[in-house]
Protein chains: 2
Amino acid sequence: MNIGQAARATGVSAKMIRWYEQQGLVPAATRSESNYRHYSEGDLHRLRFIRRARDLGFSIKQIAELLALWNDRGRASADVKALALGHAAALRQRILELEEMVQSLGHLAEHCQGDDRPECPILERLAAPVAA
Amino acid sequence: MNIGQAARATGVSAKMIRWYEQQGLVPAATRSESNYRHYSEGDLHRLRFIRRARDLGFSIKQIAELLALWNDRGRASADVKALALGHAAALRQRILELEEMVQSLGHLAEHCQGDDRPECPILERLAAPVAA
DNA sequence: ATGGGCTTTCCCAATATGGCAAGGTCAAGA
DNA sequence: TCTTGACCTTGCCATATTGGGAAAGCCCAT
């Protein structure tokens with residue numbers, strides 16, 4: 001199976017597959033005589049794993065850890081769980097930050113008429129002389 | 001006022017001030033004989049504006065638009081408001097995505113014992129053969 | 001044999017920020 | 001006056017992930 005087919009089968013673009021290989025996230029694919037990469041079912045399996053982990057917002061580094069645990073038959077499930085929960089906590093933190101921004105924006109926008117006149121509390125706040 | 005003082009006064013690092021200048025977000029600072037940049041109160045004002053907009057999660061490009069509106073005495077407040085609300089909507093969208101991830105992670109972790117044994121539904125799900 | 005669709009590698013782009021290095025400048029103290 | 005330390009300059013590198021494009025080679029079907 002060539003890289004394009006593997007891409008279609010896993011939802012990981014060919015470009016990304018090559019990049020993951022370069023980053024050591026997947027082992028270097030075997031090559032045909034004419035240097036084409038080709039992929040086995042096991043390779044697709046691994047790529048799908050990566051794809052799903054990306055969808056959950058794991059970084060490449062974290063995915064490398066997950067893959068290592070996946071391949072370690074003797075791992076403790078606690079290690080996997082800790083990784084997942086740590087990541088979830090980081091996501092929640094990020095969500096809080098974004099929510100704060102949304103709230104501030106909401107407050108600012110509330111006081112802005114949003115008409116043809118130039119008076120705009122949003123800009124005034126951003127430009128406030130000292131603290132805001 | 002030198003760049004270091006301007007940085008301290010505005011909360012924008014010297015590095016970033018130079019970078020904003022290079023990006024055209026702030027006009028090139030005037031220079032002393034020995035080529036040191038120096039900054040006026042107006043410059044600090046502009047830098048603080050940028051800083052606050054960054055804190056609200058606006059991108060550099062968006063900040064450029066905000067600055068243009070700020071400097072346009074005849075702007076319509078509607079234009080500013082639209083920018084702010086559009087940005088808020090994008091943030092909310094991002095929040096939804098992150099919340100979905102957190103939820104999925106929560107579901108996965110719920111079913112994982114998190115002990116010394118290797119059985120781990122988290123990995124099993126990530127590795128699931130076809131759909132998950 | 002020719003063309004269209006695939007593959008290869010390599011370079012570039014974006015975002016915003018920090019770090020490091022080599023060298024110039026300035027002010028204060030000995 | 002000389003030295004020292006704090007500051008400034010530019011420039012390059014790195015981060016993390018993805019897409020775009022070019023030039024060249026390969027494969028299959030007509």
Side-chain angles (χ1 to χ4, degrees), chain A residues 1-26 28-40 43-44 47 49-67 87 90-91 93-94 97-98 101, chain B residues 1-26 28-40 43-44 46-67 87 90-91 93-94 97-98 101:
Chain A
M1 185 178 269
N2 285 338
I3 198 170
Q5 298 169 291
R8 261 164 271 140
T10 61
V12 180
S13 73
K15 207 89 189 222
M16 282 300 101
I17 294 177
R18 294 193 194 97
W19 190 72
Y20 292 153
E21 175 180 319
Q22 204 187 317
Q23 299 306 302
L25 211 54
V26 298
T30 57
R31 303 284 188 130
S32 71
E33 284 178 30
S34 52
N35 206 29
Y36 280 22
R37 288 170 179 83
H38 65 90
Y39 296 89
S40 67
D43 296 328
L44 299 188
L47 286 170
F49 183 106
I50 294 173
R51 176 70 211 287
R52 295 201 185 106
R54 287 293 298 143
D55 286 346
L56 289 174
F58 285 100
S59 71
I60 298 302
K61 215 168 262 186
Q62 290 171 317
I63 295 175
E65 296 179 53
L66 286 172
L67 285 168
H87 176 51
L91 291 181
Q93 179 55 44
R94 182 69 186 139
E97 291 166 9
L98 294 179
M101 293 180 194
Chain B
M1 185 177 270
N2 285 339
I3 198 171
Q5 299 170 291
R8 262 163 272 141
T10 61
V12 179
S13 74
K15 204 90 188 221
M16 282 301 100
I17 295 178
R18 293 194 195 95
W19 189 73
Y20 291 153
E21 175 179 320
Q22 203 186 318
Q23 299 306 303
L25 211 55
V26 299
T30 58
R31 303 285 188 130
S32 71
E33 283 178 30
S34 53
N35 206 29
Y36 281 21
R37 288 171 180 83
H38 64 91
Y39 296 89
S40 68
D43 295 329
L44 299 188
R46 197 173 174 96
L47 287 171
R48 271 188 221 107
F49 183 105
I50 294 173
R51 176 71 212 285
R52 296 202 183 104
R54 285 294 298 141
D55 286 347
L56 290 173
F58 285 99
S59 71
I60 297 302
K61 214 168 262 186
Q62 290 172 319
I63 295 175
E65 295 179 55
L66 286 172
L67 284 168
H87 177 49
L91 291 181
Q93 179 56 43
R94 183 68 187 140
E97 291 166 9
L98 295 179
M101 293 181 195

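Naming: A, B, ... by sequence-line order, numbering from 1 per chain. Please read all numbers here as calculations on a predicted model, not as lab measurements.
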Can you give me the N/O atom pairs linking the protein to nucleotides 10-13 of chain C at distances under 3.5 Å, or say none if there are none?
none

Using atom CE of A:Met1 as one end and atom C1' of C:dC6 as the other, report the distance to the nearest whole Å. 15 Å
Base, sugar-phosphate or nothing for A:Arg18? Non-hydrogen atoms, less than 4.0 Å. base
Residues passing the side chain to side chain donor-acceptor pair (under 3.5 Å) test with B:Glu97, sequence neighbours excluded, are B:Arg94
Can you tell me the distance, in whole Å, between the CD1 atom of A:Ile3 and the C1' atom of C:dG5? 15 Å
Under the rule of Watson-Crick or G-U wobble with both distances under 3.5 Å, where | means paired to another strand and [ ] a crossing pair, DNA chain C maps to ||||||||||||||||||||||||||||||
With sugar-phosphate meaning primed atoms plus P, OP1 and OP2, does A:Ser59 contact a base, only sugar-phosphate, or nothing at under 4.0 Å between heavy atoms? sugar-phosphate
Let me know, please, whether A:Gly4 or B:Glu33 comes out on the 5' side of the other along DNA chain C by nearest nucleotide. A:Gly4
If you assign each of A:Ser32 and A:Met16 to its closest nucleotide in DNA chain D, which residue comes earlier from the 5' end? A:Met16
Can you name the residues that form a salt bridge (charged side-chain N to carboxylate O under 4.0 Å, His left out) with B:Arg51, not counting sequence neighbours? B:Asp55
Tell me every residue that passes side-chain contact (heavy atoms from CB on, under 4.5 Å) with B:Tyr36, counting only those two or more places apart in sequence or in another chain. B:Asn2, B:Ser32, B:Ser34
Is the phosphate of C:dA16 approached by B:Arg51 (side-chain N or O, under 4.0 Å from OP1 or OP2)? no
Using the side-chain contact (heavy atoms from CB on, under 4.5 Å) rule, take B:Leu66 and B:Phe49 through it: C-alpha gap first, then chi angles, then the decisive distance, then the call. CA-CA 9 Å; B:Leu66 286 172; B:Phe49 183 105; 3.9 Å; yes
Going 5' to 3' along DNA chain D, which nucleotides are the first and last within contact of chain A (any atom under 4.0 Å from a heavy atom)? D:dT17 to D:dC27
Let me know the distance between CD of B:Gln23 and P of C:dA16, rounded to the nearest Å. 9 Å
Pairing residues for A:Ser40 by the side chain to side chain donor-acceptor pair (under 3.5 Å) criterion, not counting sequence neighbours: A:Asp43
Whole angstrom is fine here: how far is it from CG in B:Asn35 over to P in C:dC26? 11 Å
Applying side-chain contact (heavy atoms from CB on, under 4.5 Å), can you list everything that pairs with A:Ser59, at least two apart in sequence or on another chain? A:Lys61, A:Gln62
Nearest-nucleotide check on DNA chain D, A:Tyr36 vs A:Trp19; residue mapping nearer the 5' end is A:Trp19
Give every residue pair that meets the salt bridge (Lys or Arg N to Asp or Glu O under 4.0 Å) criterion with at least one member in residues 8-21 of chain A, sequence neighbours excluded. A:Glu21-A:Arg31, A:Glu21-A:Arg37
Taking the side chain as C-beta and beyond, is there a heavy-atom pair between A:Ile17 and A:Tyr39 under 4.5 Å? yes
State which residues pass side chain to side chain donor-acceptor pair (under 3.5 Å) with A:Thr30; sequence neighbours excluded, sorted by chain then number. A:His38
Ring pair (Phe, Tyr, Trp, His ring centres under 6.0 Å) filter on A:Tyr20, not counting sequence neighbours, yields none
Hey, does B:Arg54 have a side-chain heavy atom less than 4.5 Å from the side chain of B:Ile60? yes
Between CG of B:Asn2 and C1' of C:dA27 the distance, given in whole Å, is 12 Å
